[in-house]
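Worksheet: one structure, shown below.
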Amino acid sequence: MPHTALNRVIVRMLFDPLFVEQIYTAPEPTLRPLKIPDHLITELLKTDRRAWQIDTERRKRTLHSLIGEFKCSTTLALAETGSIGLLDAFFSHQLFHRSVQTRGSLSGAFAEYLTHLHTEGNVTHPHYLDLLTLEATKAQCRRELTQTLPSPSPEGYHLPPGVHSKELNGNVIPALNQIEHYLYELSLLPALALCEDRPAFPPLPPVSSPAHYLFRPREGDVHLSPVSVVVHDALNEVESPLSRERFLKKMKRRGLSTERANELLDALLEEGLLYRLPLTRKSS
Amino acid sequence: MVPAMTSFEERLTHLPRLGVGISCEFNGGTRALNLDAVHTREAFPELIHFLEVGTDVGRGLDEHMRRWVETGLPTTYHFLDINLEESEDLDAPWIAATIDLADSLNASWLCGDAGLWHFGGRERGHFLLLPPILCDSSAREMAATIATLQEKTNRLVLPENPPAAAFVGPLHLLEYYARVVESADCGFLLDCAHLAIFQAMRGHDPLDGLEDFPLDRIIEVHIAGGEERESHGFTYIDDTHSPAPLDACWKIFDYVQARARNLRAVVYECEHNLLHDVIPVFEQLNQRFPKLPEDSPCPTPPSIV
């Protein structure tokens, strides 16, 4: 619908003055590919371009909201780069614009952007990607808990909403705790940011060998606990729904006997780490 | 129990007259300046007759709202999280949660700014308030969304004209909402302050378009203060909810109040101001829209059999 397409454009304009400039300078080439009809392009251009930028705090407020789920990875990025501009630049990046244009999740797009900062060489700390994966997975779990399951869901074994397993370095939790403690110190006296004798960003423990962490909902949030590599592998095989037969085959390829794989599957069901949709059909 | 209703006229027969009320938003009490509706009502029972509760399904009711509910006095429910202009935003979990909230408030009706409250899904960082695109396709989609919402909740749904520094589209705002309310067969919440902003931004007289608007659809009006501001040389009116409504806002209110024969409620959006600054306006509003002897103190909203 033309008004839907135009609304998405307007949202992008509210966040990005560069996009506003592009629209007012080259309206047809910018807006026609976005399926905005000519008569609405005319209407849009009647608006004083300054009207789109009166809320000068919009990007900061939204960044504050997004950072809430990526506290440690963004803190590490800021500690390394010393530039809030690098995070603010998200709102002029194609990842932000694509997210709005496709009605996607801003949190997901922000996670991609933070990954992009590493890919581009802006943030290189050894803990950065694992911290980002940890925080992005928690964010994903939270969203799964509020989403309606697709109907009808495929038959077979499924991961429940909010359950995932990730391989991260074994010191990622101590690193996260150190950063959170540092942020807590600053929160006691925010004006510390002005002081030359402010607390320094702490040295983090070294990256260690891989460990496996289960993410699952508990007490209104998403909690992490260490799990064996066997459980981790089993849960990752079920990221897409599987029949028992296919699960056994996949675990056999990983070196697990059929008997052990069956026991594992039943244990995961018992624990609520998997659930099954009916496989049997009603007899006529 | 009242059977499910399907027409605006039917719903109107069960609609209470609430008088003048005050608004509140979730955790408004955490702001430095906030009028407690229960205490204000206790101090001035002749001036405040209902509470308009502004919240969303993610946050529910706060302690202040619950205290008002315990008084048994009337409420209306002002949603902050549904894109009436975007039918795909109307999902079953939201509807169910909204019904629960409205029921817990014993809300006489649902209302809220009609445009977009968020872009994409209801997620952190996505919330903002946008007016609708003032074009026919938008009006049709909004009408369809409202009609569905009324059917599912069996409550009257009043779209409200939102504030903005920029409105895009060929239609006058009142022409747009006239199409919406006629097509959806619903009532309307005219925000006089927001309309004054629109008229000023488009270079209209405050009353332009009202003579052609179906005033009998207006069930509720809002009145609030606004202030002229400037940004990069661009002058606009900010919807500040300061104590003093602009002259244009009063002009619109007086015009509508004299002609909207189905008007049931007036909300003065002023809760983040000092009490002594807002009492005179409450007094004026009660003179212009007095509480009548036949108004029910605790109306029972209609619900599905």
Side-chain angles (χ1 to χ4, degrees), chain A residues 1-15 17 36-37 39-56 58-59 61-70 90-91 96 99-110 139 142-143 146-148 151, chain B residues 57-58 83-89 91-97 115-142 144 163-171 176 197 201-203 229-239:
Chain A
M1 294 286 242
H3 59 275
T4 306
L6 185 52
N7 270 324
R8 291 175 188 180
V9 164
I10 287 173
V11 170
R12 294 164 64 186
M13 290 169 75
L14 289 171
F15 279 94
I36 312 294
H39 73 278
L40 285 182
I41 293 177
T42 305
E43 291 297 324
L44 180 62
L45 295 177
K46 285 178 184 174
T47 306
D48 188 315
R49 69 177 71 186
R50 295 170 298 179
W52 306 114
Q53 304 301 319
I54 60 173
D55 186 349
T56 53
R58 186 185 302 279
R59 281 164 74 130
R61 280 199 313 275
T62 309
L63 196 56
H64 169 81
S65 223
L66 293 172
I67 281 176
E69 286 191 299
F70 297 95
F90 166 65
F91 298 107
F96 165 78
S99 159
V100 175
Q101 208 53 49
T102 59
R103 208 177 187 272
S105 166
L106 213 54
S107 170
F110 189 58
R142 284 188 204 101
R143 273 150 192 81
T146 60
Q147 284 163 5
T148 313
S151 172
Chain B
V57 302
N83 294 346
L84 291 180
E85 195 191 8
E86 190 182 34
S87 55
E88 100 177 86
D89 195 45
D91 56 54
W94 183 88
I95 292 172
L116 297 185
W117 275 101
H118 52 90
F119 60 93
R122 288 184 196 91
E123 290 190 37
R124 62 166 68 206
H126 285 235
F127 283 84
L128 80 181
L129 179 57
L130 277 185
I133 304 298
L134 301 176
C135 68
D136 189 64
S137 64
S138 167
R140 281 186 277 115
E141 184 162 2
M142 184 177 292
F167 294 84
V168 179
L171 299 176
Y176 174 89
I197 292 172
M201 300 314 296
R202 285 272 181 109
R229 296 221 199 279
E230 182 263 331
S231 170
H232 302 100
F234 174 72
T235 305
Y236 65 99
I237 299 173
D238 195 4
D239 184 38

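Remember, predicted model here, so these are calculated numbers, not experimental data. Here is the naming used below: chain letters follow the sequence lines, and residue numbers restart at 1 for every chain. Hydrogens, waters and symmetry mates play no part in the numbers below; they use all other heavy atoms, side chains included.
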Tell me, side chain or backbone of [X] under 4.5 Å from chain B's heavy atoms, or both, or neither?
X: A/Arg143; value: side chain
X: A/Ser105; value: both
X: A/Leu14; value: side chain

Which atoms of [X] are under 4.5 Å from chain A, going by heavy atoms: the side chain, the backbone, both sets, or neither?
X: B/Asp136; result: neither
X: B/Phe127; result: neither
X: B/Glu230; result: neither

Can you tell which of [options] has the highest number of heavy-atom pairs within less than 4.5 Å of chain A?
options: B/Gly120, B/Ala166, B/Ala165; answer: B/Gly120
options: B/Ser231, B/Ala92, B/Cys135, B/Ser138; answer: B/Ser138
options: B/Val168, B/Leu116, B/Leu134; answer: B/Val168

Rounded distance [0.5 Å steps], [atom1] in [X] versus [atom2] in [Y]:
X: A/Leu40; Y: B/Ser137; atom1: CG; atom2: OG; answer: 7.0 Å
X: A/Leu106; Y: B/His118; atom1: CG; atom2: NE2; answer: 13.5 Å
X: B/Asp238; Y: A/Asp55; atom1: CG; atom2: CG; answer: 9.5 Å
X: A/Arg142; Y: B/Arg124; atom1: CZ; atom2: CZ; answer: 6.5 Å
X: B/Leu128; Y: A/Thr62; atom1: CG; atom2: OG1; answer: 8.0 Å
X: A/Thr47; Y: B/Phe234; atom1: OG1; atom2: CZ; answer: 8.5 Å

Item to complete: Examine the side chains of A/Gln53 and B/His232 and answer whether a donor and an acceptor come within less than 3.5 Å of each other.
Response: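 Short answer, no.
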Discussion item. Apply side chain to side chain contact (heavy atoms under 4.5 Å, CB included) to residues B/Glu86 and A/Asn7 and explain how you reach the verdict.
Written reply: CA-CA 10 Å; B/Glu86 190 182 34; A/Asn7 270 324; over 6 Å; no
Worksheet item: Which one of A/Thr56, A/Thr42, A/Val100, A/Leu6 has the most heavy-atom pairs closer than 4.5 Å to chain B?
Response: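 Of A/Thr56, A/Thr42, A/Val100, A/Leu6, A/Leu6 has the most heavy-atom pairs under 4.5 Å with chain B.
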Worksheet item: Using a cut-off of under 4.5 Å for heavy-atom pairs, which of A/His3, A/Arg8, A/Glu43, A/Met1 has the most such pairs with chain B?
Response: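 Top option by heavy-atom pairs under 4.5 Å: A/His3.
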Practice prompt. Could you give me the CA-CA distance, side-chain angles and deciding distance for B/Arg229 and A/Ile54, then say whether side chain to side chain contact (heavy atoms under 4.5 Å, CB included) is met?
Written response: CA-CA 9 Å; B/Arg229 296 221 199 279; A/Ile54 60 173; over 6 Å; no
Item to complete: Please name the pair of heavy atoms, one in B/Glu123 and one in A/Ser107, separated by the smallest distance, quoted to 0.1 Å.
Response: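 In terms of heavy atoms, the two residues are closest at OE1-CB, 4.2 Å.
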Discussion item. Can you confirm whether A/Val11 sits close enough to B/His126 that some side-chain heavy atom of one is under 4.5 Å from a side-chain heavy atom of the other?
Written reply: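 Side chain of A/Val11 against side chain of B/His126, heavy atoms only: no contact under 4.5 Å found.
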